[in-house]
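Down below is the structure, laid out as structure tokens.
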Number of protein chains: 2
Amino acid sequence: MSSAEVLASVDIVALRLDCEAQLELLVLRRPRAPFAGQWALPGVLVNGRSADVSLEAAAARALASKARLQPAYLEQVATLGNAVRDPRGWSLSTFYLALVPPQAQVEGEDLRFVPLAEVLQGRLPLPFDHLHLVRQAGERLASKAVYSGVPLYLLEEHFTVTEALAAFQACIGQPVQHTTLRGRLERMKSEGWILDTGEKNQPRRGRPQTVWRHTPRQSQGVFTFDRSVLI
Amino acid sequence: MSSAEVLASVDIVALRLDCEAQLELLVLRRPRAPFAGQWALPGVLVNGRSADVSLEAAAARALASKARLQPAYLEQVATLGNAVRDPRGWSLSTFYLALVPPQAQVEGEDLRFVPLAEVLQGRLPLPFDHLHLVRQAGERLASKAVYSGVPLYLLEEHFTVTEALAAFQACIGQPVQHTTLRGRLERMKSEGWILDTGEKNQPRRGRPQTVWRHTPRQSQGVFTFDRSVLI
DNA sequence: ATAATAGTGTCTGTGAGACATTATGTA
DNA sequence: TACATAATGTCTCACAGACACTATTAT
């Protein structure tokens, strides 16, 4: 059997929070055709010649080699494949949702974070069907945020309730009651996923904030609640 | 750029319920090397030469052409890719969970349903990493069954609470309170996902059963509850 | 003191768990 | 009648929603 005529790639939808707790998307200026010079999702081709032992490894390589980023959370979202998404022919994209801590230093000539909202509204066009991938990854994040602790991976290891609240709301796209979140954090604490450092953080004005620390048991696992935050 | 040296396939984990409400897995005797003659998951290669317009179409083709089956539910689970899963080299498998109604007529020389439990226990070995795919698909089904109406796709369109209960329990692998299920069905009814036909079914002995009808709004959608069935 | 922000308490509603009770059929 | 199976009712508990109230800081 000859090698199959299909182009397989791994693409990354990497998100972080900006200083106003809005989601940002990592984009990269494409070095090669097609769409050379355009901003697009970082990705790599997977084939027998690349050294990756697995798809996961290819995803990690895409982020590490193109952006020198190590995600706090990495999850495969889905694989999209059809005959028209790439002008070169039948192609497959297995795409991942990556969550990276805020203020990662990646600004450069051909690498930057852009507001996710701009992309979703089409004001910042992406080549291929990358907008579709971004949408699906965003929906995955939103749906997981209502019943899991996933948004904590967008924060520094040490965080406050206010920061966590902003992260959940950014992921879900809806307001969340702080009392609800406090209850959930309390449950995560009792199961060892986070802990109260005892430290306090002093905001510009007002009462000092409790500082929590995110300590996921297994790396990149998610704490799952048995209820959805009702919207 | 030459065609990439990667083998891409779509594999199907098709499940149905036997007459004792145990899950069964569809397996197919491989016509070609590698592993010719062994029972394995049905699947097809995807490449530019096959006529599939998309991965979804390839998945449907795999089921239709190899088993003449049309699934009531079809969902992409994930894509597994690495250098060692196929002796021919670096390969990708995008695999789908398919739910088919009971008593579908597919028995044949090189096509049959086998008890899922036998496969999971390793008493019925599968080639490649197919056991791994089956496990992941099974876990996906179990996790969805606790907060959605997915198991109803394993039933005939007309069903009773007892049948539904058996389906949920088979998917979850745990007993479920019939009162809980009745409550959920009532909620699905009020949102139009199922309806009370008014008919009754008379079991061998005992009170007649209400006959419900599964009428999913959008084909293959799932009703989602905002709580998990607490285990 | 006042404003701002963090954190707690209270009441309600929903829906699951557990289990008793009632309903309706067959043998 | 006895028995089997289906369906309902009741009570408790966990937890989200909503919102009032208290606590602790800076200005």
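Numbers restart at 1 for each chain; the letters A, B, ... are given by sequence-line order, proteins then strands.
Residues passing the ring pair (Phe, Tyr, Trp, His ring centres under 6.0 Å) test with B:Y73 are B:Y153, sequence neighbours excluded. Applying the salt bridge (charged side-chain N to carboxylate O under 4.0 Å, His left out) criterion to A:R61, with sequence neighbours excluded, gives A:D52. A search for side chain to side chain contact (heavy atoms under 4.5 Å, CB included) contacts involving B:D18 returns B:E20, B:Q22, B:E24, not counting sequence neighbours. Partners of B:R85 under the salt bridge (charged side-chain N to carboxylate O under 4.0 Å, His left out) rule, at least two apart in sequence or in another chain, are B:D129.
Screening residues 192-221 of chain A for salt bridge (Lys or Arg N to Asp or Glu O under 4.0 Å) gives A:E157-A:R213 as the qualifying pairs, with residues at least two apart or on separate chains. Among pairs with a residue in residues 115-124 of chain B, those fulfilling salt bridge (Lys or Arg N to Asp or Glu O under 4.0 Å) read B:E118-B:R123, at least two apart in sequence or across chains. Counting only residues at least two apart or on different chains, no side-chain hydrogen bond (donor to acceptor under 3.5 Å, both in side chains) pair has a member in residues 221-231 of chain A. Sorted by first and then second residue, the salt bridge (Lys or Arg N to Asp or Glu O under 4.0 Å) pairs with a member in residues 161-188 of chain B read B:E186-B:K189; sequence neighbours excluded.
Across the interface with DNA chain C, nearest-nucleotide mapping of A:V161 and B:F225 shows A:V161 to be the residue nearer the 5′ end.
With B:L92 as the fixed residue, the side chain to side chain contact (heavy atoms under 4.5 Å, CB included) test singles out one of B:T79, B:N82, B:V46, B:L80: B:T79.
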Going by atom type alone, with no hydrogens or angles, which donor-acceptor pairs under 3.5 Å involve a side-chain atom of residues 137-146 of chain A and a protein atom two or more places apart or on another chain?
unit_1: A:R140; atom_1: NH1; unit_2: A:E75; atom_2: OE2; d: 2.4
unit_1: A:R140; atom_1: NH1; unit_2: A:Q76; atom_2: O; d: 3.4
unit_1: A:R140; atom_1: NH2; unit_2: A:V77; atom_2: O; d: 2.8
unit_1: A:S143; atom_1: OG; unit_2: A:E139; atom_2: O; d: 3.4
unit_1: A:S143; atom_1: OG; unit_2: A:R140; atom_2: O; d: 3.0
unit_1: A:K144; atom_1: NZ; unit_2: A:E75; atom_2: OE1; d: 3.3

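Put simply, CD on A:E199 is 17 Å from P on C:dA6, counting in whole angstrom units. To the nearest angstrom, P of C:dT14 lies 11 Å from CG of B:D226. Residue A:Y147 contributes atom OH, which lies 18 Å from atom C1' of D:dC15 at whole-angstrom precision. Taking atom CD on A:Q209 and atom P on C:dG7, their separation rounds to 6 Å, with Å as the unit. We find that CG of B:L165 is positioned 13 Å from C1' of D:dT5, with the value rounded to whole Å.
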Which atom pairs link the protein and nucleotides 24-27 of chain D when you take only N or O atoms and keep those under 3.5 Å?
unit_1: D:dT24; atom_1: O2; unit_2: A:R207; atom_2: N; d: 3.2
unit_1: D:dT25; atom_1: O2; unit_2: A:G206; atom_2: N; d: 3.2

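Within residues 173-192 of chain B, the residues approaching DNA chain D are B:H178, B:T179, B:R182, by heavy-atom distance under 4.0 Å.
Contact between the side-chain N/O atoms of B:T210 and the OP1/OP2 oxygens of D:dA7 is found at a separation under 4.0 Å.
Rounded to 10 degrees, the angle between the two end axes of the helix from C:dA1-D:dT27 to C:dA27-D:dT1 is 20°, with five pairs used at each end.
Of the possible polar contacts, one joining the B:H130 side chain to the B:L41 backbone as a donor-acceptor pair under 3.5 Å is found.
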